[in-house]
Amino acid sequence: MSEKVKDGAASTDRGIDFQEMSEKFGPIFLMITEVLLKLDDVVLFAYQKGLEFWEFLSPYHPEELVPAVVGILLVFFGGTFAVLIQAIEAARLFGFNKTMQSLRVLFRQLAIARDAYERDNKVDEDKDGVADVKQIDTKQLAIRKMTLFLRTVDPQELATALEGL
């Protein structure tokens with residue numbers, strides 16, 4: 001097995017250099033995390049408003065109107081009408097339930113990670129009145145947040161949910 005020497009430390013060709021990986025992908029991970037947290041707020045708000053609207057319409061049996069509304073929307077797709085219907089039916093028959101179940105699990109895991117992320121943003125271990133995440137550099141913050149994410153989510157549930165997509 002060949003070995004590479006990098007900064008005085010030997011590593012194998014097939015090994016993963018987590019230090020180098022955290023330096024390269026840490027800032028990207030932080031940016032993606034911030035975007036996901038912002039999107040999470042928007043999606044959660046839209047979901048709650050959708051549920052409120054559904055409750056408002058529930059005396060009028062909106063589940064009976066859904067096929068009619070979908071049909072009206074499909075009319076405006078012109079030449080792709082037949083292909084769109086086929087794609088929707090194929091998705092419904094071959095995995096819609098599994099996909100929805102996986103999305104629910106991912107949403108639940110994201111909520112757990114989001115709560116831990118927000119709690120971590122308030123931690124002040126050195127008791128100087130300033131949150132620790134505001135006092136460390138980007139590289140250390142990325143490592144801290146990646147570690148936090150990996151500690152808080154359930155890897156088995158996450159892997160199963162990602163398989164279902």
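Source: prediction; values computed, not measured.
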#### Entry: Point-to-point distance, once rounded to the nearest 0.5 Å, from OG1 of T147 to CG of D120
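T147 atom OG1 to D120 atom CG measures 10.0 Å (nearest 0.5 Å).
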Name all residues meeting the side-chain hydrogen bond (donor to acceptor under 3.5 Å, both in side chains) criterion together with N97; count only those two or more places apart in sequence or in a different chain, and write none if there are none.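 Expected list: none.
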Query - Partner residues of R92 under the side-chain hydrogen bond (donor to acceptor under 3.5 Å, both in side chains) criterion, sequence neighbours left out - result: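 R92 satisfies side-chain hydrogen bond (donor to acceptor under 3.5 Å, both in side chains) with E89 once adjacent residues are dropped.
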#### Entry: Same apolar cluster (I L V M F W Y, side chains within < 4.5 Å links), L150/I112
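No, L150 does not connect to I112 through the hydrophobic network.
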Is it true that M146 and L106 fall in one hydrophobic cluster, defined by side-chain heavy atoms closer than 4.5 Å?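 Looking at the clustering, L106 is in the same group as M146.
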Minimum-distance pair of heavy atoms, taken over all atoms of G164 and S102
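Looks like CA-OG, 3.2 Å.
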Report yes if the side chains of K134 and L141 come closer than 4.5 Å at any heavy-atom pair, otherwise no.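 Contact flag for K134/L141 side chains = no.
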If you define the side chain from C-beta out and look only at heavy atoms, does anything of F149 sit under 4.5 Å from R144?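 No. Closest side-chain heavy atoms not under 4.5 Å.
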Who passes side chain to side chain contact (heavy atoms under 4.5 Å, CB included) against [X], sequence neighbours left out?
X: L110; result: D40
X: T99; result: L103, L165
X: N121; result: Y117, V133, K145
X: A116; result: R119, L148, T152

Fill in: Hydrophobic cluster (4.5 angstrom, side-chain heavy atoms) - remaining members for Y47
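In the cluster with Y47 are L51.
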Other hydrophobic cluster members with F94, side-chain heavy atoms of Ile/Leu/Val/Met/Phe/Trp/Tyr under 4.5 Å, chained?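 Under the 4.5 Å side-chain rule, F94 groups with L93.
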Residue pairs fulfilling side-chain hydrogen bond (donor to acceptor under 3.5 Å, both in side chains) with at least one residue in residues 154-165, sequence neighbours excluded
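Those involving residues 154-165 are Q109-E157.
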Restricting to salt bridge (charged side-chain N to carboxylate O under 4.0 Å, His left out), what partner residues turn up for K49, sequence neighbours left out?
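E52.
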- salt bridge (charged side-chain N to carboxylate O under 4.0 Å, His left out) partners of E118, counting only residues at least two apart: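 Partners of E118 by the salt bridge (charged side-chain N to carboxylate O under 4.0 Å, His left out) criterion, ordered by chain and then number, come out as R114.
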Donor-acceptor pairs under 3.5 angstrom involving side-chain atoms of residues 65-72: please list them, not counting sequence neighbours.
none

Treating D124 as the side-chain partner and A131 as the backbone partner, does any N or O pair qualify as donor plus acceptor under 3.5 Å?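 Not a single qualifying donor-acceptor pair exists.
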